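Small disclaimer: the values here were computed from a predicted structure and weren't measured. Numbers for residues simply follow the sequence, beginning at 1.
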Amino acid sequence: MTSDTPSTFGGRLLIGASGSAAVAMLPAYLNTLRARFTGTVTVLMTHTAGTFLPPHTVGLFADRVVTGTTPAAWARENQATLAAEHDLMAVLPATAHTLSAVATGAAPNLLTTTVAAAEFPVLFFPVMTGAMWAKPAVQRNVDQLRGDGHHVVEPEWGQRYDVGLGEFVKAPMPPAPPAFVEIIRDFLSPGGSAAG
């Protein structure tokens, strides 16, 4: 391995995907992650996320996809088992609804219930409109999440296509896939935030 080649890293990563059109970009993030990540990747999708991006498509890039919609799997795939089987959770995309639910201790779906059951770091990568991100209620929820020990990654502002408006808008969005991978690596590497 040359010094120009980024180091690989491993671990047991759980990615929570909530219901935003931005979830359509998840395969690009998973593809970039796979170039350096040697561990296991489980994607936990909310029902709404699955309406934007079919779980079987996500399954092409992940070791396992969990939706919580199959009663036969509930004994094996529930918040307790998911929390026990992973070292880190990254919620990408994290909608305003998901941030609010977790900040108030609500558990309306398997994703938020798993966050409540987790004893490992949880990172949130917010995606929403600029007007939503600026709302005092959203910022209070972000402050509460950080106060509770979660990690809310400050979104980057850039041009993204708004499917509702049918045009490009300047809005907060997650870091580009390579930067996302670096954040995950920092948490999963020996001596990183997940280890300490």
Side-chain angles (χ1 to χ4, degrees), residues 13-34 37 40-71 73-74 77-79 82 86 88-103 106-116 122-135 138 141-142 145 150 152-181 183-184:
L13 178 62
L14 177 61
I15 296 180
S18 61
S20 163
V23 77
M25 296 301 297
L26 185 58
Y29 283 83
L30 294 171
N31 188 52
T32 304
L33 179 68
R34 287 297 197 184
F37 185 64
T40 60
V41 179
T42 301
V43 177
L44 170 56
M45 300 181 74
T46 65
H47 171 74
T48 308
T51 64
F52 286 111
L53 179 65
H56 65 267
T57 300
V58 177
L60 298 173
F61 301 90
D63 296 297
R64 179 169 60 146
V65 178
V66 177
T67 61
T69 58
T70 309
W74 289 349
E77 297 177 339
N78 56 61
Q79 70 276 8
L82 290 167
H86 295 92
L88 177 70
M89 183 174 188
V91 182
L92 173 76
T95 61
H97 173 74
T98 299
L99 297 176
S100 174
V102 176
N109 54 43
L110 185 56
L111 190 158
T112 54
T113 306
T114 302
V115 172
V122 179
L123 289 74
F124 294 89
F125 294 86
V127 178
M128 62 194 72
T129 68
M132 291 171 69
W133 180 249
K135 289 287 192 261
V138 172
N141 289 334
V142 169
L145 290 168
H150 296 299
V152 181
V153 177
E154 197 68 27
E156 297 176 0
W157 285 77
Q159 293 291 322
R160 72 171 172 82
Y161 185 75
D162 186 296
V163 295
L165 297 174
E167 62 187 35
F168 281 89
V169 297
K170 188 170 185 180
M173 51 193 191
F180 166 80
V181 173
I183 293 168
I184 299 301

Evaluate the side chain to side chain contact (heavy atoms under 4.5 Å, CB included) criterion for residues V102 and V122: first the C-alpha distance (whole Å), next the side-chain angles of each, then the deciding distance (0.1 Å), finally the verdict. CA-CA 11 Å; V102 176; V122 179; over 6 Å; no
Apply the test side chain to side chain contact (heavy atoms under 4.5 Å, CB included) to residues N141 and K135: give CA-CA distance (whole Å), side-chain angles for both, the deciding distance (0.1 Å), then the verdict. CA-CA 10 Å; N141 289 334; K135 289 287 192 261; over 6 Å; no
Would you sort out whether T32 and F180 count as a side chain to side chain contact (heavy atoms under 4.5 Å, CB included), showing the intermediate values? CA-CA 9 Å; T32 304; F180 166 80; over 6 Å; no
What's the verdict on side chain to side chain contact (heavy atoms under 4.5 Å, CB included) for L82 and L110, showing C-alpha distance, side-chain angles and the deciding distance? CA-CA 10 Å; L82 290 167; L110 185 56; 4.2 Å; yes
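Looking at E167 and D162, their side chains never come closer than 4.5 Å, going by heavy atoms from C-beta outward. A 4.5 Å side-chain heavy-atom check between V43 and L30 finds at least one atom pair inside the cut-off. Side-chain contact between V152 and P126 is present, with at least one heavy-atom pair separated by less than 4.5 Å. Put simply, the side chain of L99 reaches to within 4.5 Å of the side chain of F124, judged on heavy atoms. Between P155 and W133 the shortest side-chain heavy-atom distance falls below 4.5 Å. Using a 4.5 Å heavy-atom threshold, the side chains of L88 and L123 count as touching. Between L53 and P27, the closest side-chain pair of non-hydrogen atoms falls below 4.5 Å. Inter-residue side-chain proximity for L26 and I15 is flagged as met; some heavy-atom pair is nearer than 4.5 Å.
Here the straight-line distance linking atom CE of M45 with atom CZ of F52 works out to 10.5 Å at 0.5 Å rounding. Interatomic distance, OH of Y29 versus CD1 of I184, reported as 11.0 Å (0.5 Å rounding). The OG1 atom of T114 sits 6.5 Å away from atom CG of L111, with the distance rounded to the nearest 0.5 Å. Atoms CD and CG, from Q79 and N109 in turn, are 11.0 Å apart once rounded to the nearest 0.5 Å.
Nearest heavy atom pair, residue T95 against residue S20, reads CG2-CB, 3.8 Å. Heavy-atom minimum distance, G166 versus Y161: CA-OH, 3.2 Å. When every heavy atom of T112 is checked against every heavy atom of P108, the shortest pair comes out as OG1-CD, 3.1 Å. For the pair V23 and A49, the tightest heavy-atom approach, listed with the atom from each and the gap, is CG1-O, 3.8 Å. Across every non-hydrogen atom of W74 and G68, the tightest pair is NE1-O, 3.0 Å. Nearest heavy atoms, S18 versus A94: OG-CA, 3.7 Å.
Within the structure, side-chain hydrogen bond (donor to acceptor under 3.5 Å, both in side chains) contacts touching residues 41-67 (residues at least two apart or in different chains) are R34-D63, T42-H86, R64-E85, T67-T69.
Looking at residues two or more places apart in sequence or on another chain, you find no ring-ring contact (aromatic ring centres under 6.0 Å, His included) involving H97.
Without hydrogens or angle criteria, S100 side chain to A96 main chain gives no donor-acceptor distance under 3.5 Å.
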